Amino acid sequence: MDDGRNADDDQAHKAFGRQGGRTSPEDRFEPANKILFEQAMAQTRMAVCLTDPNQQDEPIIFANRAFRELTGYRENEIIGRNCRFLQGPGTDPEKVKAIRQAIDKEEVIVVELLNYRRDGTTFWNALHLGPIYGDDGRLLYYFGSQWDVSNVHTARSDEAHAKTLARELSHRMKNMFAVIGGIVAITGREMGAQTAAKKINDRIQALGRAYEPTLDEASVGSIDVGSAIRSVLEGYPQQKDRMILEGNGMRGNPSIVATLGIVLHELTTNAIKHGALSEDGGTVRVHWAEADGVETLLLDWHEDAVEQGARATPTTGSGLGIVDAILGKARGKLHRDWLPGGLHARLVLPLSAEKQA
Amino acid sequence: MNEAQNTSPASRASRRVLLLDDEVFLLLDLEMTFEMEGFEVLTATNCSEALKLLENAAVDVAVLDVNLGQGRTCAAVAEELTGQGVPFLLHTGDLDRRGELLRDLSGVIIPKPSPSEVVVAEASALL
């Protein structure tokens, strides 16, 4: 702690707080503080002006250098005029009205509005307005600070554009998966292989659901694993209330999406055919988290069958063959325990490509 | 068993469905699936085609793709069907638009992609 500096700060507050009834703001301060005020006003990049609400039409009585640079006007073109000379045809009248109301009520307002420079070019102005009172509580000035936020506006519209694009992409991708599904089904009928076509289609559609939530943030380079898990498992409408999903978000390499899609689909299909979801009242609890410090997904799949023991045995052709094959390539593992209440499985899957390599 | 099989084709024969989708593969897949279930199927790839079909034939149910490309939607057909009191499914991959166009249309939403068997089952449930 620096006691001396605190005392200086105190002193400065008292000096700046001392305001009388004269017209020029600089006159209000002790000579030393007047220099400080002038220096601060000259050096700040924040455009600042003061208006006098006690004069006809509230003219500007002070504008600093940053204000002149921002607007392009010379001092003699600013002093004595009302601030509205910065407005133009593109300025939102509603916002001007809000400013008017705030001034009438002596309230602080922050508003973004389109302003015009001397050369007619426009900028987005984050305008902060607030009343300044004298010691006697009388309204002396209105303080206005202007900040050019045009770049923020551009960024916002860029973001909006990116969102529109992501949505269009998402829509097209789903459409593509739907078309693929159509082709597979048609081909299956053509060749009398509807059952195989159905199985292929179900896997493809699970894959589509796994990819779907990853599109919005494709630029980030990683995906939200929790969203992918939920998206896959929420794709079985009949099982909706019987699958309890518990998990936080975590980031993973996009390359794990396909693996997750297929593994979760096969587990679900198996549960519907042979496991807890094949009987009334059975449930599946799916809990996932990231293993501490090793960038690995741990997902627990707990089936809870009502008829204890009835579904305990693993069946051949359960679809878990493809799961083991894929996980072998992804350096992952599905541990399985066939308990009396149903399958308890633990999926261990590296979240990053480096770990997979 | 035999009784059920004997009676259902007869009752199904009277059912006519209108399918609207700009993706011909989906249209074909849906058409085959609906026909297997005994539906008479009318297909259209755009709104004016669909509206023309509706002028000439009454349908019992419809499946409408919401976004028909280049900003066009199925709204005109949805309105016509609503006016006729015909139930319909809105088949769409863009569920975000629930807040916009879909809110104004009264159909049942079915996410895209869904297996065609599911679409047929949902459509049958509206009858």
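Nothing here was measured: the structure is a model prediction, and the numbers come from that model. Just so it is clear: chains get the letters A, B, ... in the order the sequence lines come, proteins before strands, and each one is counted from 1.
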Side-chain heavy atoms of A:Lys174 within contact of B:Thr92, under 4.5 Å:
no

Would you indicate whether A:Arg189, at its atom CZ, is surrounded by more than 12 heavy atoms from other residues, nucleotides or ligands within a distance under 6.0 Å?
yes

Within a 6.0 Å radius of atom CG on A:Asp280, are there more than 12 heavy atoms belonging to other residues, nucleotides or ligands?
no

How long is the straight-line distance from CD of A:Gln194 back to CE of B:Met32, given to the nearest 0.5 Å?
9.5 Å

Grab the two heavy atoms, one from A:Ala185 and one from B:Asp29, that are nearest each other, plus how far apart they are.
CB-OD1, 3.3 Å

Least distance between heavy atoms, B:Phe25 atom then A:Ile186 atom
O-CD1, 3.6 Å

So what's closer than 4.5 Å to chain A heavy atoms on B:Thr33: side chain, backbone, both or neither?
both

